[in-house]
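Reading through the structure tokens given below for one structure.
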Amino acid sequence: MYGPTHRLRVEAPAGTLGALLPVPAALRAVPHTTETRGDRCVLEGVVPAARVHALEQRLPGLARGEGELESGSAHYAPVSHGTVPRRPRSDHNPLNRKEYLLNVTRRGDG
């Protein structure tokens with residue numbers, strides 16, 4: 001099973017790097033680079049798309065209100081946690097043409 005990921009770039013005060021680093025890791029982000037530029041630090045990597053909002057919510061507290069977050073769609077990556085969800089078919093089989101068309105025409109009548 002694959003899930004969407006976002007590229008991630010966080011810029012924050014250099015003094016907050018120690019508090020900032022564990023949070024993306026807890027959100028299953030994969031950091032690619034971390035560097036300090038003067039009084040600012042920059043963290044770049046990828047994070048599961050479902051976790052971006054959680055990072056957005058935590059960043060202001062971690063960066064003393066001075067952090068910036070940029071994210072955008074990156075790619076799909078294998079999801080290695082949990083089991084693949086399964087559910088029984090809830091509709092008629094589209095491979096059985098007669099049964100499927102009969103069901104579709106009934107939907108159009110109602």
Side-chain angles (χ1 to χ4, degrees):
M1 185 164 92
Y2 283 77
T5 61
H6 278 214
R7 61 183 161 64
L8 170 72
R9 183 177 185 278
V10 177
E11 187 174 329
T16 64
L17 184 60
L20 184 64
L21 280 177
V23 174
L27 298 173
R28 292 195 297 267
V30 178
H32 291 167
T33 62
T34 304
E35 60 183 273
T36 303
R37 299 176 185 163
D39 65 341
R40 305 291 286 173
C41 65
V42 177
L43 169 70
E44 294 180 344
V46 294
V47 64
R51 304 298 177 133
V52 172
H53 184 66
L55 183 57
E56 286 175 336
Q57 290 180 318
R58 296 185 66 186
L59 183 62
L62 296 169
R64 301 185 305 245
E66 299 178 34
E68 296 177 22
L69 171 67
E70 296 176 21
S71 71
S73 182
H75 59 276
Y76 284 82
V79 177
S80 61
H81 63 281
T83 59
V84 176
R86 301 226 182 252
R87 63 182 177 154
R89 181 180 292 281
S90 61
D91 204 350
H92 297 282
N93 184 355
L95 298 177
N96 181 338
R97 185 173 174 80
K98 183 178 178 183
E99 181 182 292
Y100 180 74
L101 290 175
L102 184 62
N103 185 44
V104 170
T105 57
R106 283 188 187 152
R107 281 192 206 155
D109 293 340

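This structure is a prediction, so every number in the text was calculated from the model and none was measured.
- Nearest heavy-atom pair across Cys41 and Pro13 is SG-O, 3.6 Å.
- Shown here is His53, whose NE2 atom has no more than 12 heavy atoms of other residues, nucleotides or ligands within 6.0 Å.
- As a member of the Ile/Leu/Val/Met/Phe/Trp/Tyr network built from side-chain separations under 4.5 Å, Leu27 groups with Leu8, Val10, Leu17, Leu20, Leu21, Val23, Leu43, Val47, Val52, Leu55, Leu59, Leu62, Leu69.
- Applying the side-chain hydrogen bond (donor to acceptor under 3.5 Å, both in side chains) criterion to Arg37, with sequence neighbours excluded, gives Glu35.
- For the residue pair Arg40 and Glu66, the shortest heavy atom distance occurs at NH2-O, 3.1 Å.
- For Ala49, the side chain to side chain contact (heavy atoms under 4.5 Å, CB included) criterion is met by Pro4, His6, not counting sequence neighbours.
- When all heavy atoms of Ala14 and Gly38 are compared, the closest pair comes out as CB-O, 4.3 Å.
- Annotation: side chain of Arg9 is not in contact with side chain of Ser71 (no heavy-atom distance under 4.5 Å).
- Here Glu11 contributes atom CD and Glu68 contributes atom CD; the two are 5.0 Å apart, rounded to the nearest 0.5 Å.
- Nearest heavy-atom pair, Ala29 versus Pro31, reported as atom, atom and distance to 0.1 Å: O-CD, 3.6 Å.
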